[in-house]
Amino acid sequence: MVRSSVDRALEKVRQGERMGLDSFDSRNGAAMQLTQCAEAHTYYVIVKSFIESLGGEQVMSMTPHNQNTLRSLCQIFSLHYMLNESGAFLESGVLRGTDLVELRRVLMSLLEQVRPEAVALVDAFDIPDIILRSVLGRKDGDVYRALWEWVQLNPINKHRFGVHPVYRKYTKQLLKSNL
């Protein structure tokens with residue numbers, strides 16, 4: 001797919017030059033294709049590095065369960081990109097329309113496989129709940145109490161009788177008017 005992205009970008013640049021545009025304007029006219037090319041190359045390098053790291057010494061020293069989880073994450077990352085950029089993959093001929101159904105099925109199956117590991121995967125980065133802006137996936141499992149407390153802390157919920165003053169000032173009057 002990267003090759004076809006480069007070919008499309010190059011063709012767009014040449015098209016601009018054939019129309020008499022100078023080098024800058026020709027490339028500027030191909031900015032979208034060049035950006036897509038750079039993005040495709042970036043994802044290619046990331047996925048290639050991810051796959052290579054799965055055979056590395058550090059990964060090979062992990063338990064088979066952890067190795068499988070990492071392989072699944074690599075596949076999820078790759079499939080997610082392929083599905084998000086399916087138009088480019090279809091245009092390049094790498095995929096056919098019928099392939100997308102199978103890719104989605106495989107992605108959903110992989111997501112089901114890693115779902116039990118989701119909390120541990122997030123916790124592995126040791127990012128506090130306040131930064132994640134989520135009380136879900138708590139280590140203590142007390143999600144509902146924490147969610148209730150979190151909602152109570154939100155400034156929009158601190159108004160008397162739970163009604164925001166903007167409602168009384170604007171919305172209530174608007175609802176009573178004869179529009």
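Heavy-atom basis, side chains included; hydrogens, waters and symmetry copies ignored.
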Would you say Met108 has more than 12 foreign heavy atoms packed within less than 6.0 Å of its CE? no
Residue pair Phe77 / Cys74, side-chain heavy-atom distance below 4.5 Å: no
Quick check: does any side chain N or O of Glu17 sit under 3.5 Å from a backbone N or O of Ser26, one acting as donor and the other as acceptor? no
Got a donor-acceptor contact below 3.5 angstrom from the Ser86 side chain to the Leu83 backbone? yes
Quick one: does any side-chain atom of Thr63 pair with a main-chain N or O of Asn66 as donor and acceptor, under 3.5 Å? yes
Hey, does Glu57 have a side-chain heavy atom less than 4.5 Å from the side chain of Met60? no
Mind listing the closest non-hydrogen atom pair of Leu100 and Leu95 along with its distance? CD2-CD1, 4.0 Å
I'd like to know whether Leu110 forms a side-chain contact (heavy atoms from CB on, under 4.5 Å) with Val106, so could you lay out the CA-CA distance, the side-chain angles of the two residues, the decisive distance to 0.1 Å, and finally the verdict. CA-CA 6 Å; Leu110 288 166; Val106 172; 3.9 Å; yes
Are Glu39 and Glu85 close enough that some pair of their side-chain heavy atoms sits under 4.5 Å apart? yes
Carboxylate-amine/guanidinium proximity below 4.0 Å for Arg105 and Glu102: yes
Around atom CD of Glu52, are there more than 12 heavy atoms from other residues, nucleotides or ligands closer than 6.0 Å? yes
Report the C-alpha separation of Met62 and Leu70 in whole Å, then their side-chain angles, then the decisive distance to 0.1 Å, and conclude whether the side-chain contact (heavy atoms from CB on, under 4.5 Å) test is met. CA-CA 10 Å; Met62 294 178 177; Leu70 282 175; 3.5 Å; yes
Check Arg18 with Glu11, please: is the shortest side-chain N to carboxylate O separation under 4.0 Å? yes
Below 4.5 Å, heavy atoms only, C-beta onward: do Leu121 and Thr69 meet side chain to side chain? yes
Where the side chain of Gln67 meets the backbone of Val59, is there a donor-acceptor pair that is under 3.5 Å apart? yes
Taking Val47 as the starting point, is it possible to reach Leu111 by hopping between hydrophobic residues whose side chains are less than 4.5 Å apart? yes
Would you find a donor on one side and an acceptor on the other, under 3.5 Å apart, between the side chain of Asp123 and the backbone of Asp126? no
Can you find a pair of side-chain heavy atoms, one from Phe89 and one from Tyr81, that are under 4.5 Å apart? yes
Ignoring hydrogens and angles, tell me if any N or O in the side chain of Ser72 forms a donor-acceptor pair with the backbone of Val114 under 3.5 Å. no
Do the side chains of Val122 and Ile127 join up, straight or via other hydrophobic residues, at under 4.5 Å, putting them in one cluster? yes
Can you find a pair of side-chain heavy atoms, one from Met32 and one from Lys12, that are under 4.5 Å apart? no
